[in-house]
Amino acid sequence: MRTYPPSRKVIAVLAAALLATGVAACGNSDTGGSGGDDGTITLGFSQVGAESGWRTANTTSIKEAATEAGIDLKFDDAQQKQENQIKAIRNFIQQKVDVIAFSPVVESGWDTVLKEAKDAKIPVILTDRSVDSADKSLYKTFLGSDFVKEGRLAGEWLVQKEQSATGPVNIVELQGTTGSAPANDRKKGFAEAIAANPNLKIVASQSGDFTRAGGKQVMEQFLKANPKIDVLFAHNDDMGLGALEAITAAGKVPGKDITIITVDAVKDGMQALADGKFNFIAECSPLLGPQLMDLVKKVHAGESVPARIETQETTFTQEQAKEALPNRKY
């Protein structure tokens, strides 16, 4: 059979098809998936929001660590709404990122979207906050704090301080976001610790949503409803700082008339502690970025990692805060 060379028209069509294929491939590599031709790892990260100084420091740590590690970070701010986080995670799956990490707004309601990530063979890392899923295979590891321990340390300090109390010590509690792991766990740990002294009584407990505005508003309500408040336990510094305004406006001296215990140890909180307005802080470090990027590289490479990795943290009294403040990074 006689063959003929392809016409110029056929060659042009084939060239156009190859060019289109090449463009599409380049476009896909920009979204992650296999990390692109240069081997760069793409990380999709969904942050809770920017509700506190702690969260801002946490976001900065993650962004800076990703840059230093050479990881392509796709960052999303959920604005404290679970539906926003679920949408972001699904977007990451569609973009075929290499790894997904997120700090869950609340503990429950994640199984469906995490199953979608697992089916897409995209490993998931939980940071700062955990989920209550019974299926632990839906995520590779959790990186963060022991929130129960933080609450317990706060309660144990109060038990020691009030060991000589002969009458009731009335406590009000500013809880974090309802349903979130730190709110649930800090409440639990604190309650377990103060049970050692029957004089310590929580007379009011309500969510301030981890914000200064929320802390101020709820503390105003506490002060109106409870004529005698001896202690405030706030689940984070920002709510405690908001409560300071309400306490001062009510004509009381924070740190003296009302003992104030908080969690986090961000710079503003540490300054209040050093100034004698707070009395005790249990630390919760936000500087998780470097550890997270190390984990991202390991899970992307298929290495096994511990199911839970806890950050190293401490506690601060007023004198310790004065010593630590000059070198505080957040």
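For Thr259, the side-chain contact (heavy atoms from CB on, under 4.5 Å) partners two or more places apart in sequence, or in a different chain, are Trp157, Lys161, Val231, Ile261, Asn279. Shown here are the ring pair (Phe, Tyr, Trp, His ring centres under 6.0 Å) partners of Trp54, two or more places apart in sequence or in another chain: there are none. Residues that satisfy the side-chain hydrogen bond (donor to acceptor under 3.5 Å, both in side chains) test with Thr56, not counting sequence neighbours, are absent from this structure.
At least one donor-acceptor pair closer than 3.5 Å links the side chain of Gln85 to the backbone N or O of Ser46. A donor-acceptor pair under 3.5 Å is formed between the side chain of Glu313 and the backbone N or O of Ser285.
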Pairs of donor and acceptor atoms involving the side chains of residues 64-71, under 3.5 Å and at least two apart or interchain, shall be tabulated with distances.
{"residue": "Thr67", "atom": "OG1", "partner": "Lys63", "partner atom": "O", "Å": "3.1"}

Test side-chain contact (heavy atoms from CB on, under 4.5 Å) applied to Ile89 and Phe102, step by step:
CA-CA 8 Å; Ile89 292 169; Phe102 75 112; 4.0 Å; yes

Show your working on side-chain contact (heavy atoms from CB on, under 4.5 Å) between Asn58 and Gln47 and close with a plain yes or no.
CA-CA 9 Å; Asn58 180 241; Gln47 181 61 284; 2.9 Å; yes

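Within the structure, the side-chain hydrogen bond (donor to acceptor under 3.5 Å, both in side chains) test picks out the following pairs touching residues 223-236 (sequence neighbours left out): Glu173-His235, Lys228-Asp230.
The cationic atom of Arg328 (NZ for Lys, CZ for Arg) lies less than 6.0 Å from the six-membered ring centre of Tyr330 and within 45° of the ring axis.
With respect to the salt-bridge test (charged N to carboxylate O, under 4.0 angstrom), the residues Asp76 and Lys87 do not qualify.
Cluster partners of Val172 are Leu174, Val203, Phe210, Val218, Met219, Phe222, Leu223, Ile229, Leu232, Met239, Leu241, Leu244, Ile247, Ile258, Ile260, Met270, Leu273, Phe278, Ile281, Phe316, Leu325, counting Ile, Leu, Val, Met, Phe, Trp and Tyr whose side-chain heavy atoms approach within less than 4.5 Å, directly or via other members.
Looking only at side-chain heavy atoms (C-beta outward), Asp128 and Arg55 come within less than 4.5 Å of each other.
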